[in-house]
S.K.: 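Just passing along the structure, written as structure tokens.
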Amino acid sequence: MNELSISSERARIDVGFVHRFLSEHSTWAQGIPLAVVEKSIAHSLCFGGFLGDRQVAFARVVSDCATFANLVDVFVLPECRGLGYSKQLVEAVLAHPQLQGLRRFTLATADAHGLYARFGFATPRHPHTLMERYVPDIYLADKRVPDIDEAASEGAGLETAAP
């Protein structure tokens, strides 16, 4: 097994590599524009997994670095899977100094529950308290969110108090 090195240095992240994987091969971000990936990386704590100088893995954390974090966009290239790299990547994320002492650390996964369970992630204790606004195919469909855009432009469904 080749040694995987993991870095959270933003300058080491190959943005083109991340964009290609997310937009062409992921199940959650098909068609994501490069500008969106660039902005998401700029505003997140990112982790690259490297074999030598070649990036083969990625993870991104959105956090206030005090109380909450959300782990997203985790992937290892298909040809590098099954070698323990995803475990090393998650270990590095959870050990990062800026992500210690958080009250809540969340993630969403379709098929890696076993991986994350070994690190203490579980089904929410109180799922009835959680809500989301989810547009799974936003990058493939019309770029706007119709109900919000229409409400904003037409005032539809918006109640205002009389002065």
Side-chain angles (χ1 to χ4, degrees), residues 1-122 124 130 132-145 148-149:
M1 173 166 89
N2 291 327
E3 180 86 19
L4 184 74
S5 66
I6 298 169
S7 175
S8 60
E9 294 177 45
R10 188 167 289 129
R12 287 199 66 196
I13 302 298
D14 181 342
V15 177
F17 161 79
V18 173
H19 173 253
R20 278 188 303 282
F21 185 89
L22 292 177
S23 67
E24 298 171 13
H25 303 289
S26 75
T27 57
W28 63 91
Q30 286 284 307
I32 190 170
L34 176 59
V36 172
V37 173
E38 290 171 336
K39 187 174 183 179
S40 72
I41 288 172
H43 294 281
S44 302
L45 179 57
C46 299
F47 298 80
F50 301 88
L51 294 176
D53 290 333
R54 178 180 175 231
Q55 187 170 351
V56 299
F58 179 76
R60 186 169 67 84
V61 177
V62 181
S63 180
D64 63 7
C65 298
T67 64
F68 174 82
N70 187 33
L71 178 60
V72 295
D73 293 339
V74 180
F75 68 86
V76 175
L77 287 179
E79 65 269 21
C80 296
R81 293 178 186 163
L83 301 172
Y85 296 155
S86 60
K87 290 181 214 66
Q88 291 176 49
L89 188 58
V90 174
E91 284 173 355
V93 168
L94 295 177
H96 194 279
Q98 292 181 15
L99 301 175
Q100 302 309 300
L102 302 175
R103 182 177 62 240
R104 179 169 288 163
F105 207 130
T106 63
L107 62 84
T109 183
D111 56 9
H113 297 80
L115 167 67
Y116 297 115
R118 68 178 69 209
F119 294 100
F121 288 92
L130 303 175
E132 70 176 2
R133 187 167 160 208
Y134 182 52
V135 186
D137 58 355
I138 192 167
Y139 308 119
L140 298 176
D142 185 356
K143 301 290 189 245
R144 65 190 194 105
V145 180
I148 297 299
D149 289 342

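Worth saying up front: this structure is predicted, and the values here are computed from it rather than measured.
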S.K.: Taking all heavy atoms of Ser23 and all of Ile32, pick out the closest pair and write down the distance.
M.R.: CB-O, 3.6 Å
S.K.: Please find the pair of heavy atoms, one from Ala57 and one from Val76, that lie closest to each other, and give the distance.
M.R.: CB-CG2, 3.9 Å
S.K.: Classify the ring geometry of Phe121 against Phe105: parallel below 30°, tilted from 30° to 60°, perpendicular beyond 60°.
M.R.: perpendicular
S.K.: Taking C-beta and beyond as the side chain, do Phe17 and Leu77 meet within less than 4.5 Å on heavy atoms?
M.R.: yes
S.K.: Sequence neighbours left out, what passes side chain to side chain donor-acceptor pair (under 3.5 Å) with Arg118? Give chain and number order.
M.R.: none
S.K.: Which atom pair, heavy atoms only, marks the closest approach of Leu107 to Leu71?
M.R.: CB-O, 3.5 Å
S.K.: Can you give me the closest heavy-atom contact between Ile13 and Phe47, atom names plus distance?
M.R.: CD1-C, 3.8 Å
S.K.: Under the side chain to side chain donor-acceptor pair (under 3.5 Å) rule, what pairs show up with a residue in residues 55-79, not counting sequence neighbours?
M.R.: Trp28-Asp73, Ser44-Arg60, Arg54-Glu79, Arg60-Asp73, Asp64-Thr67, Asn70-Thr106
S.K.: Centroid-to-centroid, Phe75 to His25, below 6.0 Å?
M.R.: no
S.K.: Would you check if Ser8 and Leu45 make a side-chain contact, meaning some heavy-atom pair closer than 4.5 Å?
M.R.: yes
S.K.: Looking only at heavy atoms, which two atoms of Gly49 and Leu4 are closest? And how far apart?
M.R.: C-CD1, 3.7 Å
S.K.: Arg10 side chain to Cys46 main-chain N or O, any donor-acceptor pair under 3.5 Å?
M.R.: no
